[in-house]
Amino acid sequence: MKLLLVDDSGTMRTIQKRCFLQLGVQEKNIAEAANGQAALEKFALGNFDAVVTDWNMPVMDGLTLLKEIRKTDKAVPVIMVTTESERSRVVAAIHEGVSDYLVKPFTIDTLKEKFKRWVPAETL
Amino acid sequence: MLSQSTHIAIESRKMDVKYINPFIESARNVFGTMLDCPIKRDGISLKNSTSPTYEVSAVIGLSGKVCGSVVFSLSRPVALGIVKRMLDLDTDQINADVADAIGELTNMIAGGAKASFAQYSMSLGLPNVIIGRNHLVLFPGTVHPLCVHFQTPWGPMALEVGLDTRSVDVQTTVQTAQTQSV
């Protein structure tokens, strides 16, 4: 399984990465980007099974990243990471083709349950 | 949580505890979920100083019908302890990584509390982390902030909340008066 983690917070990328490593994803299969533009460039080069993205980021935000991804890939799971207060914005993301959302704070079990819907069970 | 019977006598504007409880609950949730760490509320006081309680401050501005600031104030040992737990990062320096982690934690606390204020159309600013002794954080002049004290496994921390709720409280008062006059 190949993942792309997108967040301008190094903290959140580290936390997410640690969760996925604990779930058995190999470190070489986890790519990171600090904004939507950098993520888009990596997405074009890679063959990712899923994208996990924050909403508020400099250069290119998560919603714009989602729109750009969906221009070329309608199928790849894109999971939006939000705070509790931003749930209403997820509705806007649903219109643009977001697959699911993950509310922070979250536990590794919550993250695993979210991803079971989108990736093969044996991967996690 | 603070009960309705909690009274804090102040000379200026009294902030209803209903505005504080969401922040307390959110802080507990964030620490419990992200850090697997229970925190214990250890008192509440009026904030009478412009200096934050401890040397690391994460400040988030709130705007909307209810506006003001929330300051997450941490001592150095608590900040470093949080980072160690959150990122498995051993450091004795309050550096950019520490500031990012504390800012993210504060963002989650404020975000979780904001959900309780949905009817007030509140917006959150990005957290700013200030480090160093004797720095000042000024709240809006119309409010008298409250300081909620907590105990963590690494030491004490505080959540300072100063909100201007006049527009909301006046609206509620008017609605109540209108209802009573019917």
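Excluded from the calculations below are hydrogen atoms, water molecules and symmetry mates; all remaining heavy atoms, backbone and side chain alike, are included. None of these values were measured; they are calculated from a predicted model. Residue numbers begin at 1 in each chain, while the letters A, B, ... track the order of the sequences.
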Value for CD (B:Glu104) from CG (A:Asp7), rounded to nearest 0.5 Å, stands at 6.0 Å
A:Asn56 CG to B:Asn107 CG distance, which is reported to the nearest 0.5 Å
8.0 Å
Indicate if [X] and [Y] have the same hydrophobic cluster label, given that clusters are the connected sets of ILVMFWY residues with side-chain heavy-atom separations under 4.5 angstrom.
X	Y	value
A:Ile108	A:Phe106	yes
B:Phe139	B:Tyr54	no
B:Phe23	B:Leu126	no
B:Ile109	B:Ile24	yes
B:Met108	B:Leu87	yes

For chain A, find which of B:Ala101, B:Gly103, B:Ala113 contributes the most heavy-atom pairs closer than 4.5 angstrom.
B:Ala101
When only heavy atoms count and the cut-off is under 4.5 Å, which of residues 11-18 of chain A reach chain B?
A:Thr11, A:Met12, A:Thr14, A:Ile15, A:Arg18
Residues of residues 41-54 of chain A with a heavy atom under 4.5 Å from any heavy atom of chain B, in residue-number order, are none
Looking at A:Ile94, I want to see if its CD1 is surrounded by more than 12 non-hydrogen atoms of other residues, nucleotides or ligands under 6.0 Å.
yes
Around atom CD of A:Glu27, are there more than 12 heavy atoms of other residues, nucleotides or ligands at under 6.0 Å?
no
Expected output: side-chain B:Asp100 to main-chain A:Ser9 donor-acceptor under 3.5 Å:
no
Return the minimal non-hydrogen interatomic distance between A:Pro105 and B:Met34, and the atom names on each side.
CB-CG, 3.2 Å
Checking B:Asn29 against chain A: side chain, backbone, both or neither under 4.5 Å from a heavy atom?
both
